[in-house]
Engineer: 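Take this structure first; my questions come after.
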Amino acid sequence: MVVLGYILAALALFLVCAYFGAPLLWWTAAFAALVAYTGNIPLIVFFAVLAVLVNVPLIRRKILSDHVLAVYRRILPDMSSTEKDAIDAGTVWWDADLFSGRPDWNKLLAVPQPRLSAEEQAFLDGPVEELCALCNDWEITHERQDLPPHVWQFVKDKGFLGMIIPKQYGGLGFSALAHSAVVMKLSTRSSTAAISVMVPNSLGPAELLLHYGTDEQKSHYLPRLAKGLEVPCFALTSPEAGSDAASIPDYGVVCKGTWQGKEVLGMRVTWDKRYITLGPIATLLGLAFRLYDPEKLLSEKEDLGITCALVPTGTPGVNIGRRHLPLNAVFQNGPNSGKDVFMPLDWIIGGPEYAGKGWMMLMGCLAAGRSISLPSSSVGGAKALTRYTGAYARVRSQFKTPIGKLEGVEEALGRIAANCYVMDATRLMTAGAVDLGEKPAVLSAIAKYHMTERARACINDAMDIAGGKGICLGPNNWVGRGYQMTPIAITVEGANILTRTLIIFGQGAIRCHPYVLREMRAAKEMQGAEAAREFDDAFTSHVGHVISNGLRAWVHGITSSRLAPTPRNAAPETMHYYRFTSRLSAAFAFLADMSMMAMGGALKRKEKISGRLGDVLSMLYLISATLKRYEDQGRNREDLPLIRWAVRDMTYHAQHAIDQILSNFPIKWMATMLRWTIFPLGMSFRPPLDARNHECAAIALEPGAARDRLTAGMYVPKGENDATGILEAAFVATLACEPIDEKLRKAVKKGKMVPRPGVDLGTIAREKDLISQEEFIQWSRKEALRKQVIKVDDFPQDFSRSEIVQNLGVKPLSAKAA
Ligand SMILES: Cc1cc2nc3c(=O)[nH]c(=O)nc-3n(C[C@H](O)[C@H](O)[C@H](O)COP(=O)(O)OP(=O)(O)OC[C@H]3O[C@@H](n4cnc5c(N)ncnc54)[C@H](O)[C@@H]3O)c2cc1C
């Protein structure tokens, strides 16, 4: 009985120490007290020996961690310098909390809500609004296949190309949040304008110059870029090197040559690039190539590595100007090439001492742009779809019912609305992190992947709702071009399959994990006693970390998350979501460690497993952003359906991903043990309820504060000059006329009037004095707008091409294989 009591006490101590992640010394002290209390001398002696073995680092190293280090060194695959640069790039932020298994919610909620300055807001209300109004998407995409010259000029004159360039160089010096808000708003009007603006502000000459340029390069180029006197592009991708961009075959050879009449040390560069955005009209080509120095004119190394240079496109030998046609998106994009083009060494960004450091520079700058460009344009798309699809679903009726009220359509519309909330929340949190000085390497990959995928889900839903109206392209179609262009966002800035399966977890596991990077550095970069000390310290903490996360995952599982941590001051109505997320975070951290242990370096190639691990981490991030947005925006209860649907959907998805990992885990007994630990009472997260989906759809179908908040920051056309303006007007008119429509319906039902072919109901009702003259006018206007909305464009046989050629002088496209 007494023995049983001691065993239970030991178990209790184990649970408490593991649950709270106590340091080794606390474990030792707690168990020492228990063992001393037993008074059993052999046990005390045994414990004392054990305590010395595990607590004295020198002994612990000799009997344990030195051996683990040796194994670790053997199995850890060597990293190429490009892989190392990618891993080292950027910073970790909230992702580290999620990876720790113990997210500190108070810390997250204390992060100030990102806000625009008055000047940034004025830019959005002024030049951005104006630019949106100047853009006619049909004219751009079909008639001109480019932005009209006056729009290009406006873009340059107002500084759109220099949003990230500091004011001292004549740029706008905007925050990441403002940059993101501009891209988002433009995307709600014209993707061509948005892409043309976002590329120079993303990874490219300006960003690279700001971080690595010499003073001379900065003072020459930055003011010119800011004012649009230079149009930049950045050329990395080659026919042979797409996703595997570090393998570019483009090369430069250091040599002497004649430059402006003098013999100088320079390089002869040969390249063949494709897909380069703004390339065909660029005046300044940012070029990545591998630099070789066979004569060792620069240093003792022959292969200097990837190098980035700025090449004026007027340089003799630069071939530029032809275009690709990426899915009818007409932003400028095309190939360029050069053969043995001689250029001085000071064209290297940062000067000759940055020769060979190009990959490190690119990786270092990638996170900021990836946090902004595609996440923001995707959110813009989702906002426009929420607003316009909601309006259309209210205006368009079938079976005598607005289609948005038919449950099947409602399901798709509710999804769009909830996705839109999550996406904007993620945009705000990620841009906010960049403004706090972070370069969030992993979070930017999560934002890029999940925002573009959710945009794809939204546009698929929107296309289904729009039906034939979405399919027949023309000036009256507000959704078809977005659908066509969706795969572009999926492919660029790290194609999505690769981003999901290789980057999110692959980089996250190393960068965000509290101990893995330390262990790797100790194993690969340190030697002797220093390596042994560092590895021992990281490894011991790592073991405690795994035990603690496993135990907490189990405790939260058997208590249905009731004990899982929550913030001090969050809205009571969302507290349980914090608990669920804390539970999932502990489960994820435990599973991540066990996966690394089970598969080691092979996990890198097990992309189906690492992709799903990445999904869990991503869901945790997206839920965090969603909950934070609810707090930051003052807990608007009208938004709750969106949060409830979205968080439930995401917890369910995270659970599904874990389930799939366990089902496919290579070591079956481990999978069973993991399942018992993570889901001791089975899988308890359920998908969102239909009732919540109904409430989400209602937000998109009703004018009001919640709909306005959901679509805040988008361009809402004024007047009825184009399809979206007419749609907005028709939406408002349809709602205002609902009482009149109801009157007409009842009158028909009660036999007070009989429909006549060719005569509309309003006219008959007016004839019979069933509605007033004012009501008739109001109803007729609504009907006129409704007819405009459901109208679909048709064209002459040549799709008006000859007329366009005559009016605008735009020639039909001719092609040659690049
Ligand atoms: C419209 C457009 C604009 C662009 N703009 C620019 C620009 O301005 N500058 C520039 O330098 N480049 C630009 N790009 C290039 C773009 O970054 C590449 O297209 C992208 O990197 C993918 O390369 P790829 O198209 O050759 O696809 P591939 O590399 O052939 O990939 C094909 C598929 O394989 C997957 N894949 C590849 N490797 C892995 C892996 N290890 N694990 C799992 N999946 C993998 C990818 O995810 C993708 O789904 C642009 C491309 C397009 C289409």
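What's counted below: heavy atoms across the whole structure, side chains too, no hydrogens, waters or symmetry copies. Quick caveat, the model's predicted, so the values are computed rather than measured. Order of listing sets the numbers, starting from 1, for every ligand and every atom in it.
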Engineer: Test the Lys158-Phe160 pair against the cation-pi criterion, namely NZ or CZ under 6.0 angstrom from the six-membered ring centroid and within 45° of the ring axis.
Structural biologist: no
Engineer: Under 3.5 Å, N/O to N/O: give me all the pairs between ligand 1 and the protein, one per line with atom names and distance.
Structural biologist:
from     : atom 1 : to     : atom 2 : distance (Å)
ligand 1 : 5 (N)  : Tyr275 : O      : 2.8
ligand 1 : 5 (N)  : Thr277 : OG1    : 2.9
ligand 1 : 8 (O)  : Thr277 : N      : 3.0
ligand 1 : 9 (N)  : Phe234 : O      : 2.8
ligand 1 : 11 (O) : Leu236 : N      : 2.8
ligand 1 : 11 (O) : Thr237 : N      : 2.9
ligand 1 : 11 (O) : Thr237 : OG1    : 3.1
ligand 1 : 12 (N) : Thr237 : OG1    : 2.6
ligand 1 : 23 (O) : Ser243 : N      : 3.4
ligand 1 : 29 (O) : Ser243 : N      : 2.8
ligand 1 : 29 (O) : Ser243 : OG     : 2.7
ligand 1 : 31 (O) : Ser243 : OG     : 3.4
ligand 1 : 42 (N) : Glu607 : OE1    : 3.1
ligand 1 : 42 (N) : Glu607 : OE2    : 2.8
ligand 1 : 47 (O) : Leu498 : N      : 3.1

Engineer: Indicate the atoms forming the closest heavy-atom contact of Pro326 with Ile488, along with that distance.
Structural biologist: O-CD1, 3.4 Å
Engineer: In this structure, are over 12 heavy atoms from other groups packed under 6.0 Å from Lys524 atom NZ?
Structural biologist: yes
Engineer: With sequence neighbours excluded, what pairs up with Ala245 under the side-chain contact (heavy atoms from CB on, under 4.5 Å) test?
Structural biologist: Leu236, Trp359
Engineer: So, for Met363 and Asp85, which heavy atoms are closest and what is the spacing to 0.1 Å?
Structural biologist: CB-O, 3.9 Å
Engineer: Classify the ring geometry of Phe505 against Phe588: parallel below 30°, tilted from 30° to 60°, perpendicular beyond 60°.
Structural biologist: perpendicular
